[in-house]
Amino acid sequence: MPQPNVREPDNISPTSDATPASPETIESISDFNFGEATAAVFDDMLDRSIPAYRELQRMIGELAATFAEPGTRVYDLGCSTGITLETLAGAIQVPVEFVGLDYSSAMLERAHERLSELIESGRLTLQEADLNAGVEMENASVVVLNLTLQFVRPLRRDLLIGDINRGMNPNGCLILVEKVLGNDSLFNRTFIRLYYEMKRRNGYSETDIAHKREALENVLIPYRLDENMELLNRNGFNQTDIFFKWYNFCGTIGVKGP
């Protein structure tokens, strides 16, 4: 199976007016993880950090409802605290089984609290799993990767998308939302600068932004949009398109052929 061109993203410093983190601050920063500390503030972080997040959730629900088939499974891979699963359950009106996977037990615990009624009714199963090892799935009509694939190691992404395709029914859809790199360093710098301006408008300080940037370095590795499209195409998603784009955030959809 061909592998994507693996490269480190540009070390961009897009906010020339930003206050740099001090050496003491940088030394205190650890790699970003999805443990209890992150889980406790995750929902608020999404609202403040992801552009048009509520509209994006609505769009994911609409698309999923379009492709969901009765008697099939709908998967949310990297389900975190269960926000997208809640959206999917509210949008899909045909009888399906929901499955949420995440490697963080802290995130799954919060998802369990949020979605306890769905779990008790037998409509939802939550599983702890590391997507870097691929995924075992079957009878899927819809799979969602919402800001998840960017945390999977690049050399493992073909394995994951291939597993999704093999576990998906014909005409099933993959909904993929990611941060993306531009095709030109000028656009990278511009888009990231404007993204940080959005975060400032939502109450993040320069120190907050610097901390997050340092913590995510070499943990969140984005691809260009065309690389994500090629990833889907070569793993059996014959029809692809863009359904959302905001500077360096992009939603794509891929449909498996009959």
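If you're wondering where the values come from, they're calculated on a predicted model, not measured in any experiment.
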Please examine the side chains of [Y] and [X], heavy atoms only from C-beta on, and report whether any two atoms are closer than 4.5 Å.
X	Y	answer
Glu206	Arg200	yes
Lys179	Tyr195	yes
Leu115	Glu86	yes
Leu56	Phe243	yes
Val135	Tyr75	no
Leu131	Arg156	no
Tyr223	Arg157	yes
Lys256	Asn169	no

Hey, what do you get for [atom1] ([X]) to [atom2] ([Y]), rounding to the nearest 0.5 Å?
X	Y	atom1	atom2	value
Cys250	Arg224	SG	CZ	13.5 Å
Ile60	Ile253	CD1	CD1	10.5 Å
Lys199	Ile50	NZ	CD1	8.0 Å
Asp102	Glu109	CG	CD	12.5 Å
Leu149	Leu220	CG	CG	10.0 Å
Arg110	Leu108	CZ	CG	12.0 Å

Which atom of [X] lies closest to which atom of [Y], heavy atoms considered:
X	Y	answer
Gln127	Val99	NE2-CG1, 3.9 Å
Trp246	Leu194	CH2-O, 4.2 Å
Val74	Ala68	CG2-CB, 4.4 Å
Phe98	Ala89	CZ-CA, 3.6 Å
Leu174	Met168	N-CE, 4.1 Å
Gln57	Thr84	NE2-OG1, 2.9 Å

Side chains of [X] and [Y]: do they bring a donor and an acceptor to under 3.5 Å?
X	Y	result
Ser205	Asp208	yes
Arg73	Asn139	no
Asp158	Asn235	yes

- In sequence, state the C-alpha distance, the side-chain angles, and the governing distance for Thr252 and Leu225, and then conclude on side-chain contact (heavy atoms from CB on, under 4.5 Å). CA-CA 9 Å; Thr252 57; Leu225 172 57; 3.7 Å; yes
Is a side-chain N or O of [X] found less than 3.5 angstrom from the main chain of [Y], in a donor-acceptor match?
X	Y	value
Asn233	Phe237	yes
Thr240	Met229	no
Gln93	Gly90	yes
Asn238	Gly257	yes
Glu178	Gln150	yes

Please say yes or no: joined through hydrophobic side-chain contacts below 4.5 Å, possibly via intermediate residues, are [X] and [Y] part of one cluster?
X	Y	value
Val180	Met59	no
Phe187	Met198	yes
Val94	Leu63	yes
Tyr204	Phe249	yes

- Is the OH atom of Tyr247 crowded by more than 12 outside heavy atoms at less than 6.0 Å?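 No - once you tally the heavy atoms of other residues, nucleotides and ligands closer than 6.0 Å, there are 12 at most.
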- Task: Would you indicate whether Glu136, at its atom CD, is surrounded by more than 12 heavy atoms from other residues, nucleotides or ligands within a distance under 6.0 Å?
- Result: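 At most 12 heavy atoms, drawn from other residues, nucleotides or ligands, come within 6.0 Å of this atom.
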- Query: Can you name the one residue among Asp76, Val177, Ile161, Ile175 that meets side chain to side chain contact (heavy atoms under 4.5 Å, CB included) with Leu145?
  - Reply: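 Testing each of Asp76, Val177, Ile161, Ile175 against Leu145, the sole residue satisfying side chain to side chain contact (heavy atoms under 4.5 Å, CB included) is Ile161.
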- Query: Can you tell which of Leu88, Leu101, Asn146, Leu126 makes a side chain to side chain contact (heavy atoms under 4.5 Å, CB included) with Cys79?
  - Reply: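 When side chain to side chain contact (heavy atoms under 4.5 Å, CB included) is applied between Cys79 and each of Leu88, Leu101, Asn146, Leu126, only Leu126 qualifies.
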- Task: Please determine if Arg58 and Glu55 form a salt bridge, counting it only when a charged side-chain N lies under 4.0 Å from a carboxylate O.
- Result: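 Yes.
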- Charged N-O contact under 4.0 Å between Glu217 and Arg213: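 Salt bridge: no.
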- Message: According to salt bridge (charged side-chain N to carboxylate O under 4.0 Å, His left out), who are the partners of Arg123, at least two apart in sequence or on a separate chain?
- Response: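 Partners of Arg123 under the salt bridge (charged side-chain N to carboxylate O under 4.0 Å, His left out) test: none.
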- Check against side-chain contact (heavy atoms from CB on, under 4.5 Å), Ile164 and Met137: CA-CA 7 Å; Ile164 291 170; Met137 55 194 303; 4.0 Å; yes
